[in-house]
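Here is the naming used below: chain letters follow the sequence lines, and residue numbers restart at 1 for every chain. Note that the structure is predicted; figures quoted are calculated from it, not measured.
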Protein chains: 2
Amino acid sequence: MPSLSEQSGSLLSARAVLTGYQPLKEEIVRRQKTLPKRLLQIATFALASPDEVAFGTVSSIAKHVGVPPSAIIRFAQHFGFDGFVEMQRLFRDRMRERSSEYEERLQSLNHGVDPDDEAGKTLEGFFAAGRRSMENAFQSVDHEKFSSAASILADGKTIYLLARRRSFPIVSYMAYSFAKLGLRCELASSPMGTDGDLLRFAGPDDAALAVSFSPYASETVAQARVLRERGVPLVSLTDSPFSPIAAISNVWFEVVEADYGGFRPLSASMVLALALCVAVAERKQWN
Amino acid sequence: MPSLSEQSGSLLSARAVLTGYQPLKEEIVRRQKTLPKRLLQIATFALASPDEVAFGTVSSIAKHVGVPPSAIIRFAQHFGFDGFVEMQRLFRDRMRERSSEYEERLQSLNHGVDPDDEAGKTLEGFFAAGRRSMENAFQSVDHEKFSSAASILADGKTIYLLARRRSFPIVSYMAYSFAKLGLRCELASSPMGTDGDLLRFAGPDDAALAVSFSPYASETVAQARVLRERGVPLVSLTDSPFSPIAAISNVWFEVVEADYGGFRPLSASMVLALALCVAVAERKQWN
DNA sequence: TTGGTAGTAGAACAATAATTTCATCGACGT
DNA sequence: ACGTCGATGAAATTATTGTTCTACTACCAA
């Protein structure tokens, strides 16, 4: 890029590289006064109902605003985009990140990452995924389900914890927490092969919690089945309604962790698990 | 339409009028077992990442799932929609609702939840703590530290993981992740007392990572000391500059988890740990 | 008035996307 | 083994959508 266009970048629109919704919004406000009538109409609409822009087509938006379709294109180009679609991407990204206002503040803080800082990108990526996970879970966990899960577990004399592989850290933390809280629980994931024997002690007045994410460990599923056959109430934490343990649970939570490059942090599940531990303890105090 | 097809409406798909995302989701789950393989693939994807469906096009979704575009249309029609777009509308509506719903929910956080929903308060409290943790950590973790920690660990032939009690879930997840990534690591937290023997194999061309939060488990500190004396580079993850392991580490991170009623979620540490694993693997690929 | 500039509308075009069709495959019952 | 029927994928078809182009209008200065 020649320096000429960089210079004019702020005055005219010369292929400005607007990287997010928030910067675009600011740019629009800044240029508000210099905008022709039609473009101002569009700008107003875009800021007022960004959702429409995110989903709509050029002509649907044009109809909403009351301008011809070409005006929409010119609007996008006026702000340095190559076309409408490129601009629309910003609006879509915004929706993806949900929590509009809240997340916007963070976005604007966003440390521009040094492009050749490979590790830095990884770090930011995982934190972003962690945050998304948390927001998602926060929104998708139902209070009533949570409450009834807590009471099911609280009614159990002993709480059996089932998990393998990726899910193991979660139950190991739960085991720790339950112990601290003075509740009896058993970790049916021991490295020795004695789980089967352990579970033979479980009965209808106990309770179990299974954690399993795709690909579902067959041992966990098998153990959960055994417990259900013995009449043990089962709460589970999984990532899809299709999960084999969801089908056999009395109550189950769906927690979809966001991923970065295929790796999923367990952050949201961890929070939910801990909340569950404490809620169980609280409820048990009542009885 | 003849009455025949109406009758079969519940069995087959005959133009079922699904009015929202939630009903659709339930319908999908209900018919799960009767779905052909391809359609099940699509169903799984649709429920796992509804956002993609909301924004994507037939072919972009098809590519994601790994099926031909026509399968997507068939999927929509199978559930009584006229075509893909009609189904997509449900997914879009969901997103719209969600973002407004979300703000309401945040609002209700401030005004307090239903006062006699004890469990609900616990739940919200922990999610709030989880989010605060994440924000804190995100801002306090230094990129350079992270980068050098990654390279220290990447230079180790074997990575030794040290942690007890509350910190154990973190290293157990790291051990899992390292294994998946094809890196050699040893979990020096075994229930048997053989850790001392294990650590005797460690040397200067290995590396170690210790995780310890207040109150610092004495075993972890002791093990860390031993390793340092043997010249093993040490990275640590802790919650205070005064932590005994911070003093003896080559690089250390301070992660202060927010708490709710004295209980701390491990969410932020978990994310950092995972990011570290992946960064190490990336760096190792270079060498 | 005239010439120039900037803005606008709407048709025409090119690209992309959704849908349908059809030949093939494979499981299942006879 | 054979035939049937639903499921499947590739390609053809149809529709929608984004973008460009050109002619027209309003406005301003000379």
> Regarding A:Ser240 and A:Glu254, is there a side-chain donor-to-acceptor distance under 3.5 Å anywhere?
Replying inline: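 Result is no, nothing qualifies.
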> Is there a donor-acceptor contact under 3.5 Å linking the side chains of A:Thr238 and A:Ser243?
Replying inline: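 A donor-acceptor contact under 3.5 Å links the two side chains.
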[X] side-chain proximity, nearest of [options]:
{"X": "A:Val58", "options": "D:dT19, C:dA18, C:dT20", "value": "D:dT19"}
{"X": "A:Pro36", "options": "C:dT8, C:dA18, C:dA9", "value": "C:dT8"}
{"X": "B:Gln77", "options": "D:dT20, C:dT8, C:dT20", "value": "C:dT20"}
{"X": "B:Pro69", "options": "D:dT20, C:dT20, C:dT19", "value": "C:dT19"}
{"X": "A:Thr57", "options": "D:dT20, C:dA18, D:dT17", "value": "D:dT17"}
{"X": "A:Lys37", "options": "C:dT20, D:dG18, C:dT8", "value": "C:dT8"}
{"X": "A:Pro68", "options": "C:dA18, D:dT20, C:dA9", "value": "C:dA9"}

> Within the structure, does a side-chain N or O atom of A:Arg74 lie under 4.0 Å from either OP1 or OP2 of C:dT8?
Replying inline: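 Yes, within the criterion.
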> Does the side chain of A:Leu272 reach to within under 4.5 Å of the side chain of A:Phe146, using non-hydrogen atoms?
Replying inline: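 With C-beta onward as the side chain, the pair touches.
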Distance, rounded to the nearest Å, where [X] contributes [atom1] and [N] contributes [atom2]:
{"X": "A:Lys63", "N": "C:dG10", "atom1": "NZ", "atom2": "C1'", "value": "15 Å"}
{"X": "A:Ile42", "N": "C:dG7", "atom1": "CD1", "atom2": "C1'", "value": "12 Å"}
{"X": "B:Leu35", "N": "D:dA7", "atom1": "CG", "atom2": "P", "value": "10 Å"}
{"X": "B:His78", "N": "D:dG6", "atom1": "NE2", "atom2": "P", "value": "12 Å"}
{"X": "A:Phe84", "N": "C:dA17", "atom1": "CZ", "atom2": "C1'", "value": "15 Å"}
{"X": "A:Phe75", "N": "D:dG18", "atom1": "CZ", "atom2": "P", "value": "16 Å"}
{"X": "B:Phe81", "N": "C:dT20", "atom1": "CZ", "atom2": "P", "value": "15 Å"}
{"X": "A:Ile72", "N": "D:dT20", "atom1": "CD1", "atom2": "C1'", "value": "16 Å"}

> With sugar-phosphate meaning primed atoms plus P, OP1 and OP2, does B:Val67 contact a base, only sugar-phosphate, or nothing at under 4.0 Å between heavy atoms?
Replying inline: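 B:Val67: no heavy atom of the nucleic acid under 4.0 Å.
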>> Please classify the nucleic acid contact of B:Ser70 as base, sugar-phosphate, or nothing, using heavy-atom distances under 4.0 Å.
In response: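 Answer is base: heavy atoms of B:Ser70 come under 4.0 Å of a base.
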> Centroid-to-centroid, A:Phe91 to A:Tyr21, below 6.0 Å?
Replying inline: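 They qualify: ring centres under 6.0 Å apart.
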> Looking at residues at least two apart in the chain, or sitting in another chain, which of them share a salt bridge (Lys or Arg N to Asp or Glu O under 4.0 Å) with B:Arg96?
Replying inline: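 Listed in chain order: A:Glu52.
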